[in-house]
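Because the structure is a prediction, the values reported are computed rather than measured.
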Protein chains: 2
Amino acid sequence: MARKSATGRIGIADVALKAGVSHATVSRVMNGNFTVDPEIAARVREAAVELKYQPNPVGRSLALGKTDTIGIVVPDLANPTFQAILRGLSRAAAEDGYRVLIADSFEVPSEEAILAGEARRRCDGLVLCAPRMTDAELEEIAPSLHPLVLINRTTAAAGVPSLVVDYGQGVQDLAEHLAGLGHTRLAFLAGPAGSASNRLRLEGLEAFRNRHPQVEVSMLDGGSDFDTGHEAVDAVLDSGATGILAFNDLVAMGLMSGLHERGVSVPGDISITGFDDIPFARYTTPTLTTAAVPISELGGQAWHQLRALIRKEDLETADTRYQPRLEIRASSGPSPADLAP
Amino acid sequence: MARKSATGRIGIADVALKAGVSHATVSRVMNGNFTVDPEIAARVREAAVELKYQPNPVGRSLALGKTDTIGIVVPDLANPTFQAILRGLSRAAAEDGYRVLIADSFEVPSEEAILAGEARRRCDGLVLCAPRMTDAELEEIAPSLHPLVLINRTTAAAGVPSLVVDYGQGVQDLAEHLAGLGHTRLAFLAGPAGSASNRLRLEGLEAFRNRHPQVEVSMLDGGSDFDTGHEAVDAVLDSGATGILAFNDLVAMGLMSGLHERGVSVPGDISITGFDDIPFARYTTPTLTTAAVPISELGGQAWHQLRALIRKEDLETADTRYQPRLEIRASSGPSPADLAP
DNA sequence: CAGCACTGAGAAAGCGTTTTCTCGCAGCCG
DNA sequence: CGGCTGCGAGAAAACGCTTTCTCAGTGCTG
């Protein structure tokens, strides 16, 4: 009876009718505007409760020009790193009453710009997570995406805060750790070719090489998941390296599993390090030496930066750089060469 | 110059102005309505491209009464199971041009109904993932959430498809496997008390007990994460059981790690099984015997059910039941009692 | 007691689309 | 040659809400 609206859902008009007031008054009451007679307000509230009225957020969004929603674009939702960022972002945003819309580009760089644009138009702001697109493209679309926060990527475009993990420093710390254990032949199991974080690691290793010319560091092709590590067993054994820097924890775990199948002892014969310190890293056998990045904190920080932009708070846009913390566990040990004689 | 709109963004009006036509015509062109003179259509399209016009989805949603977005409510985004479901759902929905909005209830049952309602109003449909709320509450709010799909939960409310994993059968299969290896003293490391999937496992074990009265099955308190398993080491050793059914793979991994620290051999002294077959399960040492749940397929199926409801396709609402598949790996072996003599 | 400020609520104008309604105009048939 | 059909495009309504504008009514002050 009260439902007259075309959509079948009860709207503000139904409440107004029942309470015998105008739409405007109902809106005022629902938004806690105090220029309403308490008695009328009570009548409106009663009608609202009775009809189980819930304001339509789409109408609200249109009128207010905001959606209370933010978007996040990730290259691959299956990656624990991005899952953790998403989790941190979602939690932090929820505390401020914001929801998050996700867009997975499935590692297809050409999709990113489109997804980002679509997501942005539905949201009040956007987080672009480790985008795979080119610098030029990123810089070009960045202005149209504002408010925008970047994770693990920087851009020359103005007003775009970046949160980046210092993978270069982290990989150097790991390499130093292995060198300190006497390893003189290291190998790096590289990540996805286009990845900016892989580039940072390579730069870090270059710096390490310059500092330690006596240590040999060979490069092996890889990827970012279990299987990559598992399939790299032969390449690793062929390399003759005794210390392996895996692109991340997943690759390290795949590699350890493969070496175990071959009867190679870790860290007896070969030492392995990961990167990220995903929760699983402390439960592998042996437990995994890695570089810990405060990853879900990153998600939270991303929200805080984005919130500042949305509120136009002019928080300084200085890029934030996260230092990984060396997490020494059981997968790394003295070089067998040191023990042999 | 072309931008007259209050929001600063260019709208349909700007395009209309530039092309010298009305809003209506622009809308018709943008939506591929062919009752427009090709020449005018071309002019409009040109103007749209020149102004980089992109229709505002909020206005569109209001007019069309749909958002091309679905929501998912999960109890804990940190749980790999829900991450996998989210991934499957997101991928499947994206193929049909839908986005997904996430809501994390952080295991607070009282939040679920509110989150679900809010999410639902912003979306065209909702997936409720293993809700922790009571049956009564679920049944009460279900109608207001339609189109709704449940995962790992059922309800008496009409028109709500359910996708449930048969945890009872899975745990029985695992128990049978251990019994077949000669184990006569088993222990179940239980999950969260309120969890429906834990209840199903308990029912399954009850059936198993009835079938195998000679096998002792003790119950140990637990949870659903690594730490739970790690902390359960003492309880497990005290129980004297030689076959441990962990609530899930995470718990199993925590337990294996703890036993390893104590020098207990797996499966030499104690056999362990997990549940879920998360990707990590095949990379632990020893690799984990578990019951595989086609979890991201579940997410995809959830979308297909939801899509049918949204399109009012009257796909039969018969609940779908997924049978876990026993995945025998290296963490389970013959009972030490069988070998001793 | 007249005029004024002030309060509170309705009317109406957005917000940016889509879609129905309406109408001018050209073409066609009788 | 007049009326009817049909096509194409503009005007306007609708979607559901917020907010400004407007105005009636009250109470206060000079």
- Item | A:V29 and A:V15, any side-chain heavy atoms less than 4.5 Å apart | no
- Do B:D124 and B:T67 have side-chain N/O donor and acceptor atoms under 3.5 Å apart? yes
- Using atom NZ of B:K66 as one end and atom P of C:dT17 as the other, report the distance to the nearest whole Å. 16 Å
- Task: Whole angstrom is fine here: how far is it from CG in A:L62 over to P in C:dC15?
- Result: 9 Å
- Touch class at under 4.0 angstrom, heavy-atom based, for A:N33 against every strand present: nothing
- Task: Using a cut-off of 6.0 Å, state whether more than 12 heavy atoms not belonging to B:H146 lie near its atom NE2.
- Result: yes
Side-chain donor-acceptor pairs under 3.5 Å in residues 30-43 of chain B, sequence neighbours left out?
{"from": "B:N31", "atom 1": "OD1", "to": "B:R60", "atom 2": "NH2", "distance (Å)": "3.0"}
{"from": "B:N31", "atom 1": "ND2", "to": "B:S27", "atom 2": "O", "distance (Å)": "2.8"}
{"from": "B:N31", "atom 1": "ND2", "to": "B:S27", "atom 2": "OG", "distance (Å)": "3.4"}
{"from": "B:N33", "atom 1": "OD1", "to": "B:T35", "atom 2": "N", "distance (Å)": "3.1"}
{"from": "B:N33", "atom 1": "OD1", "to": "B:T35", "atom 2": "OG1", "distance (Å)": "3.2"}
{"from": "B:D37", "atom 1": "OD1", "to": "B:E39", "atom 2": "N", "distance (Å)": "2.7"}
{"from": "B:R43", "atom 1": "NE", "to": "B:A19", "atom 2": "O", "distance (Å)": "3.0"}
{"from": "B:R43", "atom 1": "NH2", "to": "B:A19", "atom 2": "O", "distance (Å)": "3.1"}

- Rounded to the Å, how far apart are A:I12 CD1 and D:dG16 P? 11 Å
- Does the pair B:K66/B:D68 count as a salt bridge with the N-to-O cut at 4.0 Å? yes
- Task: Measure from the side-chain heavy atoms of A:N56 and tell me the nearest of D:dT18, D:dG16, C:dG16.
- Result: D:dG16
- Report the distance from atom CE of A:M30 to atom P of D:dG16, rounded to the nearest whole Å. 16 Å
- Message: Nearest whole Å is fine: how far is C:dG14 C1' from A:L64 CG?
- Response: 12 Å
- B/S/- along nucleotides 6-11 of chain C (protein heavy atoms under 4.0 Å) is --SBBB
- Could you tell me the separation between the CZ atom of B:R122 and the C1' atom of D:dG16, rounded to a whole number of Å? 14 Å
- Item | Residue-phosphate contact under 4.0 Å: B:N31 side-chain N/O, C:dT18 OP1/OP2 | yes
- Query: Are OP1 or OP2 of D:dC17 and a side-chain N or O of A:Y53 less than 4.0 angstrom apart?
  - Reply: yes
- Note on the structure: Distance col, row A:R311:CZ vs A:L306:CG, nearest 0.5 angstrom, shows 11.0 Å
